Amino acid sequence: MLATKNYKFWFCTGSQDLYGDECLAHVAEHSKIIVAKLNESGVLPYEVVWKPTLITNELIRKTFNEANVDEECAGVITWMHTFSPAKSWILGLQEYRKPLLHLHTQFNEEIPYDTIDMDFMNLNQSAHGDREFGHICARMGVRRKVVVGYWKDEATQDKIAVWERVAAAWADSQDMVILRFGDQMNNVAVTDGDKVAAEMQFGYHVDYCPVSTLMEFHKAVKDEDVKALYDEYLSLYDYDPAIAVEGSAEHKSVMNAARAELALRACLKHYGAKGFTTNFDDLGTADINDPKFEGFDQIPGLASQRLMAEGYGFGAEGDWKSAALYRTLWFMSQGMPKGCSFLEDYTLNFDGANSAILQAHMLEICPKIAAAKPRLEVHFLGIGIRKAQTARLVFTSKLGSGVTATVIDMGNRFRLIVNDVECIEPKKMPKLPVASALWIPMPNFEIGAGAWITAGGTHHSCFSFDIDAAYWEDYAEMAGIEMVRIGKDTTMESFKRDLRINDVYYMLNNR
């Protein structure tokens, strides 16, 4: 399992010394209570850490810079309990580099109509203070999420929880390394892009790793470890009985798949990588019949499926943007029950209102989205530099609503395209031995597919049953990238209008 950090979020309360020490004591007490209750709610996935009340330029700047260098801090939540003059926040906000959530709430839930006086007014000034803070953030162009609601309400806590998950995934991406085993598939445009621009925008780093280097790890794999992993496969999955027959072609293919997985794991661990890409035209020594053959018998599909389930990003045919996006998606949805996967649009089914798109790939679909226990099978794969019998997990996906997303390089910016989809029951496909899902893109096949194509969407995407578009909206805000959503209310007229407006915006704001 790929290790993850236990991130935390700082809770910073704004005020000033105009109202005296007694008022400031109440401010500190109230913010401590809010933090404690948020942590006790069971809704937030990460701990919130209380920080002393911020009342001066110096303390605000110092606190934000401490947050910048604290590796456990994935973001800051601000709340203006009383009135905090916004000029005090300028230097701190200028130097702050992590995600920011502005919580517009109030300690007191209701106005105490019978007893309200000036003391209560002076102490409960979030309606005043949060607008001042919101103004300076808008004036400075500070990217942030604004959550409005009473802090005890679960709906408010849910919004904070979404932002926490995304901010933690954003922090994870700041030291993400993606290894490319081989290049992009020749002449494919949409999976390529500007890696320098991506690192500047998203934080992750893309490295090339020669397959010859991976083969050094392959040669170092021990036979006893291969056997142990093979036994693990048989304990976890249903399987074709021929796989258990030692000496059979199926048995050999699964043993080769186990060796490939161990080699990939060792290489990824050695380089500290969180994701990888493969290419079926670059698999090691080309001639599988050569006595000195050293390489994969086919693309390491089973390994890719299992590594995705454990949190490694994956992109087929050298698609490093999808590999990075999948890692981020997996990190956002840790602990959620239904799963996520890399997927590819494969073939269409025209059926009136139920027209749908079959999602599959040659092999590499994450078993976390499987509706039932996956079945380990071996079948011929006749694509790429090597045609051979190859192991893979076969299953169909769960049913229900989900969201798929992709990032594309538009030249002057990155665009995140998000589509709500509905996974439906497919008919039996006895001669298609791959993992698959069948979905209707919202609002229907014609508009959903048409809008995706109009926006320049890829044939690869990263799909989840567990998250919704709100997560991707927060992600786009943190990354400072364009986002377009295709949902149940989308029309082609409005969607094309939004794309044209976005083109003008990014043309005028492009540095």
Side-chain angles (χ1 to χ4, degrees), residues 7 9-12 44-46 64 67-68 73-79 89 92-104 130 133-149 155-174 176 197-204 321 324-325 327-329 331-333 403-410 412-420 455 462 464 467-487 498-499 501-503 505-506 508-511:
Y7 290 111
F9 292 87
W10 292 9
F11 193 92
C12 296
L44 274 60
Y46 295 94
F64 274 162
N68 283 335
C73 177
V76 168
I77 300 170
T78 57
W79 170 49
W89 292 81
L93 288 170
Q94 283 178 331
E95 296 174 10
Y96 181 63
R97 300 190 302 272
K98 292 184 177 179
L100 179 69
L101 183 145
H102 180 192
L103 177 60
H104 181 44
D130 279 329
F133 183 75
H135 166 76
I136 203 63
C137 288
R139 174 77 184 269
M140 294 173 64
V142 175
R143 297 199 297 265
R144 80 278 192 199
K145 177 171 185 174
V146 178
V147 172
V148 179
T156 302
Q157 295 168 1
D158 283 338
K159 292 175 183 176
I160 299 172
V162 168
W163 175 83
E164 278 196 345
R165 284 184 174 275
V166 179
W170 179 254
D172 174 75
S173 70
Q174 301 312 293
M176 184 195 302
E199 187 159 352
M200 293 169 61
Q201 194 81 51
F202 300 104
Y204 62 75
K321 296 191 297 298
L325 194 67
R327 165 64 184 184
T328 293
L329 172 60
F331 204 101
M332 286 194 292
S333 56
V403 171
T404 201
T406 190
V407 166
I408 60 172
D409 187 342
M410 293 293 290
N412 66 339
R413 84 269 194 186
F414 290 94
R415 171 181 286 167
L416 175 69
I417 307 170
V418 177
N419 193 185
D420 302 329
C462 298
S464 173
I467 75 164
D468 58 28
Y471 290 79
W472 288 125
E473 183 178 352
D474 285 352
Y475 176 78
E477 186 70 38
M478 290 176 197
I481 63 173
E482 177 189 8
M483 172 183 159
V484 292
R485 180 187 179 187
I486 308 164
D498 289 345
L499 291 178
I501 292 171
N502 290 357
D503 283 341
Y505 172 85
Y506 283 98
L508 294 175
N509 288 276
N510 190 35
R511 292 185 298 172

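Keep in mind that what you see is a predicted model, and the values were worked out from it rather than measured. The residues of the chain are indexed from 1 along the displayed sequence.
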Closest non-hydrogen atoms of Val407 and Lys321, given as atom of the first, atom of the second and distance, are O-CE, 3.3 Å

My understanding is that only residues two or more places apart in sequence, or in another chain, count here; which of them pass side chain to side chain donor-acceptor pair (under 3.5 Å) with Trp472? none

Hits for side-chain contact (heavy atoms from CB on, under 4.5 Å) against Ala74, two or more places apart or cross-chain, chain-then-number order -> Tyr7, Phe9, Ala171

Counterpart residues, side-chain contact (heavy atoms from CB on, under 4.5 Å), relative to Glu482 (two or more places apart): Arg413, Arg415, Val484, Leu499, Asn502, Tyr506

Sequence neighbours excluded, the answer for side-chain contact (heavy atoms from CB on, under 4.5 Å) partners of Lys159 is Lys145, Val147

Mind checking what makes ring-ring contact (aromatic ring centres under 6.0 Å, His included) contact with His104, not counting sequence neighbours? none

Please report the closest heavy-atom contact between Ser173 and Thr328, naming both atoms and the distance. CB-OG1, 4.2 Å

Checking side-chain contact (heavy atoms from CB on, under 4.5 Å) for the pair Val142/Phe133: CA distance, chi angles, key distance, verdict? CA-CA 11 Å; Val142 175; Phe133 183 75; over 6 Å; no

Looking only at heavy atoms, the pair that brings Ala405 and Leu325 closest together is O-CD2, 3.7 Å

Taking Ala479's backbone N and O only, do any of them form a donor-acceptor pair with Gln201's side chain (distance below 3.5 Å, no angle check)? yes

Assess the residue pair Met478 and Trp163 against the criterion (side-chain contact (heavy atoms from CB on, under 4.5 Å)); give the C-alpha distance rounded to whole Å, side-chain angles, the decisive distance to 0.1 Å, and a yes or no. CA-CA 10 Å; Met478 290 176 197; Trp163 175 83; 3.4 Å; yes

Quick check for you: to the nearest 0.5 Å, what is the distance between Asp172 atom CG and Arg327 atom CZ? 4.0 Å

Of Val418, Ile417, Asp420, which is the lone residue that meets side chain to side chain contact (heavy atoms under 4.5 Å, CB included) with Ile486? Ile417

Set of residues satisfying salt bridge (charged side-chain N to carboxylate O under 4.0 Å, His left out) with respect to Asp409, sequence neighbours excluded: none

If the condition is side chain to side chain donor-acceptor pair (under 3.5 Å), which residues does Ser464 pass it with, not counting sequence neighbours? none

Which distance, rounded to the nearest 0.5 Å, do you find between the CD1 of Ile467 and the CG of Asp474? 10.0 Å

Can you see which heavy atom on Met332 is nearest to which on Ala169, and at what distance? CG-CB, 3.5 Å

Tyr204: partners by ring-ring contact (aromatic ring centres under 6.0 Å, His included), with sequence neighbours left out: Phe202

Can you tell me how far CZ of Phe64 sits from SG of Cys73, rounded to the nearest 0.5 angstrom? 9.5 Å

Taking side-chain contact (heavy atoms from CB on, under 4.5 Å) as the definition, give me every residue that meets it alongside Gln174, ordered by chain and number, with sequence neighbours left out. Trp170

With Glu199, which residues qualify under salt bridge (charged side-chain N to carboxylate O under 4.0 Å, His left out), at least two apart? none

Looking only at heavy atoms, the pair that brings Gly134 and His102 closest together is N-CE1, 3.9 Å

Looking only at heavy atoms, what is the nearest atom pair of Leu103 and Ile160, with distance? CD1-CD1, 4.2 Å

Any donor-acceptor pair under 3.5 Å linking the side chain of Tyr96 with the backbone of Val76? yes

Output for pair (Leu101 CG, Glu164 CD), nearest 0.5 Å, gives 9.0 Å

Taking only residues two or more places apart in sequence, or in another chain, which ones meet Thr404 in a side chain to side chain donor-acceptor pair (under 3.5 Å)? Ser461

Output all residues satisfying salt bridge (charged side-chain N to carboxylate O under 4.0 Å, His left out) with Lys98, sequence neighbours left out; order by chain, then residue number. none

